[in-house]
2 protein chains.
Amino acid sequence: MAHEHAMPADLTRNQELVLGALNHAPAPLSAYDILDRLRGDGLRAPLQVYRALDKLVERGLAHRLESLNAFVACADAHCHRKGLIAFAICEGCGKVDEFADAVIEERLGGWAAREGFKVERTTMEIRGKCAACLQAA
Amino acid sequence: MAHEHAMPADLTRNQELVLGALNHAPAPLSAYDILDRLRGDGLRAPLQVYRALDKLVERGLAHRLESLNAFVACADAHCHRKGLIAFAICEGCGKVDEFADAVIEERLGGWAAREGFKVERTTMEIRGKCAACLQAA
DNA sequence: AAGCGATATGTTATGTTATTACGCTTGCGA
DNA sequence: TCGCAAGCGTAATAACATAACATATCGCTT
Ligand SMILES: [Zn+2]
Ligand SMILES: [Zn+2]
Ligand SMILES: [Zn+2]
Ligand SMILES: [Zn+2]
């Protein structure tokens, strides 16, 4: 059930390898995790991974999870989201759920407007236990 | 202007030093920034700082900003918040604004309830430019 | 086809953030 | 006074990220 993501045709080799690694992983990967999985494909240095990740994140094909220092492929395979995205991260199994909420976006926008704060980027990450892991416990 | 924070009486020496450093800083500090400022007070190793930070964060006297790998003193000096806290971080001057929003909390709670996800911790960080910095530009 | 700029690459070294492991000390109640 | 819990000190190491520099590749213009 894992993947079957759209893989854009104009990625470079390294970007394609990195996105492939993320797509096949059931949980977020750190840059070094990715590097380890791609040594067989010729990658040797962290920078090769970080550079690819930068591009992928920029294009919305992958996301950085700040509270984990790790990365996931975008779960919204065909129309990578533009607005605020929230992530729910299970501490048990590592599964990441990605969702958007217009009301939250509007509340943040309201706060920013009142304060005169210009928002450039928002990160929102919920840590906890997913339903499956709670069940299993 | 800067501080005038309540400093709980039951802190250990290291915790007091670390919280003092955070209180006197106009912007978030990394653990190593803190260490550098406290070498004169006898601190030598990162762990001394990390241990103090753990306790301070646990008690809500300080917060960790995940998107910065840095820490701030809680701005809500007398009644350290319990619920979800959002941080607005200015990329220009480093100022951090801390606020709570019940509607956002309720939306997240709703999502979690629908998904059967048990929330343990939420981080919410807005990066951008504060009013003062926009003015100055 | 030659020239050029923008983008991507490879490699080494280094910088920054965080933790593990171990042992000692102190305070405090059983 | 024994035992435990919390705190402390130190050294070593792990994990995450970037700087600096040299080449290479591609698309575009001439
Ligand atoms: Zn996405
Ligand atoms: Zn789970
Ligand atoms: Zn606070
Ligand atoms: Zn500012």
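Below, chain A is the first sequence line, B the second, and so on; all start at residue 1.
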* Show your working on side chain to side chain donor-acceptor pair (under 3.5 Å) between A:Glu125 and A:Ser67 and close with a plain yes or no. => CA-CA 7 Å; A:Glu125 300 176 14; A:Ser67 68; 2.5 Å; yes

* To do: Applying side chain to side chain contact (heavy atoms under 4.5 Å, CB included), run through B:His24 and B:Leu19 and close with a yes or a no.
  => CA-CA 9 Å; B:His24 287 79; B:Leu19 184 52; over 6 Å; no

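Look at CG on A:Asp54: it is 14 Å from P on C:dT7, rounded to the nearest Å. Spacing between atom CG of B:Leu43 and atom P of D:dG7 amounts to 15 Å, rounded to whole angstrom units. Distance B:Leu56 CG to D:dG7 C1': 14 Å, rounded to the nearest Å. For the pair B:Leu47 CG and D:dT10 P, the computed distance is 12 Å after rounding to whole Å. Rounded to whole Å, atom C1' of D:dA15 lies 13 Å from atom CZ of A:Phe71. Between the CZ atom of B:Arg13 and the C1' atom of C:dG27 there is a distance of 19 Å, rounded to whole Å. Between A:Asp10 atom CG and D:dT25 atom C1' the separation is 16 Å, expressed in whole Å. The CG-C1' distance, from A:Leu65 to D:dC16, rounds to 15 Å in whole Å.
Between atom CE of residue B:Met124 and atom CD1 of residue A:Ile126 there is a gap of 9.5 Å, rounded to the nearest 0.5 Å.
With hydrogens and angles left out, the side chain of B:Arg51 and the base of D:dG9 share a donor-acceptor pair within 3.5 Å.
No engagement by A:Ala31 is indicated, since no non-hydrogen atom pair under 4.0 Å with the nucleic acid exists.
Nearest-nucleotide assignment on DNA chain C puts the 5′-proximal partner with A:Gln48, out of A:Gln48 and A:Tyr32. Comparing B:Arg44 and B:Gln15 along DNA chain D, the residue whose closest nucleotide (by nearest heavy atom) sits nearer the 5' end is B:Gln15.
Within the 4.5 Å cutoff, the side chain of B:Phe87 has heavy atoms near those of the B:His63 side chain.
Between C:dT16 and B:Ser30, no contact under 4.0 Å exists linking OP1 or OP2 to a side-chain N or O. Here B:Arg64 reaches the OP1 or OP2 of C:dA18: one of its side-chain N or O atoms lies under 4.0 Å away. OP1 and OP2 of C:dT16 both lie 4.0 Å or more from every side-chain N or O belonging to B:Asn69.
Each of A:Leu68 and A:Phe71 belongs to its own hydrophobic cluster when Ile, Leu, Val, Met, Phe, Trp and Tyr are linked at side-chain heavy-atom distances under 4.5 angstrom.
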